[in-house]
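Inspection log for the structure reproduced underneath, given as structure tokens.
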Number of protein chains: 2
Amino acid sequence: MANSRDDVLNTALGILRRYGLADLSMRRVAAELNVQPSALYWHFANKQALLTALADTVLAGVTPRSARTRWDRRLERLAGDLRAALLAVTDGAELVSAGQAGGLSTAAIGGYLTEAARQGGLSERDAGAVRTAIWQLVIGLTIEQQTRAQMERLGAAAPSDRDFDREFADGLGLVLDGARHRAGQNGNTPNVEFTYLVGPGFGGVG
Amino acid sequence: MANSRDDVLNTALGILRRYGLADLSMRRVAAELNVQPSALYWHFANKQALLTALADTVLAGVTPRSARTRWDRRLERLAGDLRAALLAVTDGAELVSAGQAGGLSTAAIGGYLTEAARQGGLSERDAGAVRTAIWQLVIGLTIEQQTRAQMERLGAAAPSDRDFDREFADGLGLVLDGARHRAGQNGNTPNVEFTYLVGPGFGGVG
DNA sequence: ACCTGAACACCGTTCAAGT
DNA sequence: ACCTGAACACCGTTCAAGT
């Protein structure tokens, strides 16, 4: 006994990884900690707060990796990293979507996206549009993928023939095309440092 | 007594409109119908089936209105109509997202989007990317808006200063820019019948 | 064709009280 | 600082039985 807030968080993360969001109940977390359900409310005001903290944990590693990279490539990588982080945990996308209210990481990542777009010469407003389109694409498509995966795992649906990685790449490519088009119209010369791109430490996303 | 499947559907829709998705339980639907909860399972195999049918109802009115309109304008209108249909019911976007598995209207609308993009001269693959990007943008952003609205209604959040209509228009504009860019690259001449556009029966979305 | 009654196995949350 | 015990007000679903 005498569990810390982090113990609760880690136990919850374990249930999420092993069984998914539907099985992540306060009672179940408490049971795994050998504690009464009411004990959890000393650490978290309610389940929503736990989910938000959990979402922040899942997104903690998503951060811009290099400012030397061309702005559109940075957008591409941020989107890929975000998607990879969501896919790393069962129902990760649904969790982030549900825990969005008050989340810190979620706001930070939005900031990175906007920042990269601005470096391409986009107006604040256009940069916001880029952030919105990319965020919703990543979250929404990954929710669909993970929901399908869970249904298949439970035998509630036949394996789908959809290629979500491809759908993601195609959708993202389209949005980036729109972004580059906007960049070109602003009369700005976006930084074209793509020759710096080759080298160690620039591994792809998956 | 002696309720039809449609009675169940209408009662559920009423609860949704008045209280939102969180209050839409099988037991509550049954109570409003003056019936035991178990009675509902004669009409629907489970709650998921009810939600899917409900989602189809909400989306029933979303249909392409004119083939005479320019392809990109048709995409814009479809997206706007979809968004309007979701906004017409409390938590409509969340409902459609949750009831997606097996939904008919949802597949139909995806088809309309793809079709419009193809008429712009886009390849099957590019048209799919357009459908994906638009669908996720509309659903995701509307979920955020309606979730916020519900939290404000319950006093769980201060009124937000976000302008969701503007965020939607900006995001959509960006995606459409990408689509037009792809259309231009294909060497096809997209139909430019925009001169036919003016006239009665072409009211906007809101 | 449609519903009851009763049960099963769960939920989130509160709150006084304990150590 | 952290937890118990007990309660409140709920869930979705099944299934034999009724009319």
Side-chain angles (χ1 to χ4, degrees), chain A residues 1-16 18-55 91 94-95 98-102 147 150-151 153-157, chain B residues 1-16 18-55 90-91 94-95 98-99 101-102 147 150-151 153-157:
Chain A
M1 36 219 88
N3 296 287
S4 71
R5 196 188 130 102
D6 274 0
D7 292 333
V8 177
L9 228 37
N10 283 328
T11 303
L13 196 57
I15 294 173
L16 195 67
R18 281 175 290 146
Y19 308 101
L21 197 58
D23 284 11
L24 181 58
S25 66
M26 298 298 272
R27 298 183 105 99
R28 182 128 183 206
V29 173
E32 290 215 358
L33 283 167
N34 289 120
V35 121
Q36 297 297 317
S38 50
L40 301 181
Y41 291 83
W42 197 90
H43 298 286
F44 295 93
N46 46 43
K47 187 180 183 181
Q48 178 62 46
L50 208 185
L51 292 182
T52 300
L54 220 44
D91 293 326
E94 184 82 54
L95 169 75
Q100 213 151 2
T147 300
Q150 274 297 82
M151 290 197 332
R153 240 181 56 132
L154 302 176
Chain B
M1 39 217 91
N3 296 288
S4 71
R5 195 188 131 100
D6 274 0
D7 292 334
V8 177
L9 228 37
N10 283 328
T11 303
L13 196 57
I15 294 173
L16 195 67
R18 281 174 290 146
Y19 308 101
L21 196 58
D23 284 11
L24 181 59
S25 67
M26 298 297 272
R27 297 182 105 99
R28 183 127 183 207
V29 173
E32 291 215 358
L33 283 166
N34 289 119
V35 120
Q36 297 297 315
S38 50
L40 300 182
Y41 291 82
W42 197 90
H43 297 285
F44 295 93
N46 45 44
K47 188 181 182 181
Q48 179 61 47
L50 207 185
L51 293 182
T52 300
L54 219 45
T90 318
D91 294 325
E94 184 82 53
L95 169 75
T147 300
Q150 275 295 86
M151 291 197 331
R153 240 181 57 133
L154 302 175

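Only a predicted model underlies this, so the values are computations on that prediction, with no experimental measurement involved. Every chain is numbered from 1, with letters handed out A, B, ... down the list of sequences.
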Taking atom [atom2] of [N] as reference, at what distance in whole Å does atom [atom1] of [X] sit?
X: Phe44(A); N: dC2(D); atom1: CZ; atom2: P; value: 12 Å
X: Gln36(B); N: dT4(C); atom1: CD; atom2: C1'; value: 6 Å
X: His43(A); N: dC3(D); atom1: NE2; atom2: C1'; value: 9 Å

Subject >> CA sep, side-chain torsions, deciding dist, call: Glu32(B), Arg18(B), salt bridge (Lys or Arg N to Asp or Glu O under 4.0 Å) >> reply: CA-CA 13 Å; Glu32(B) 291 215 358; Arg18(B) 281 174 290 146; 3.0 Å; yes
Would you say the side chain of [Y] lies within less than 4.5 Å of the side chain of [X], judging by non-hydrogen atoms?
X: Val29(A); Y: Val35(A); result: no
X: Val8(B); Y: Phe44(B); result: yes
X: Leu50(A); Y: Leu9(A); result: yes

**OP:** Go through the structure and list residues passing side chain to side chain contact (heavy atoms under 4.5 Å, CB included) with Arg153(B), not counting sequence neighbours.
**Re:** Gln150(B)
Subject >> Per-nucleotide protein contact string for nucleotides 10-17 of chain D, where B marks a base within reach and S marks sugar-phosphate only (heavy atoms under 4.0 Å, - for neither) >> reply: -BBBBB--
**OP:** With side chain to side chain contact (heavy atoms under 4.5 Å, CB included) as the test, would you mind laying out the steps for Leu16(B) and Asp23(B) before giving the verdict?
**Re:** CA-CA 7 Å; Leu16(B) 195 67; Asp23(B) 284 11; over 6 Å; no
**OP:** Stems involving DNA chain D: give each as a range paired with a range, ordered by first number, where a stem means at least three consecutive Watson-Crick or G-U wobble pairs under 3.5 Å.
**Re:** C:4-8 with D:12-16, C:12-16 with D:4-8
**OP:** Determine the interatomic distance between C1' on dC3(C) and the same-named atom on dT14(D); round to the nearest Å.
**Re:** 15 Å
Subject >> dC10(C) to dA9(D) separation - P atoms, rounded to the nearest Å >> reply: 23 Å
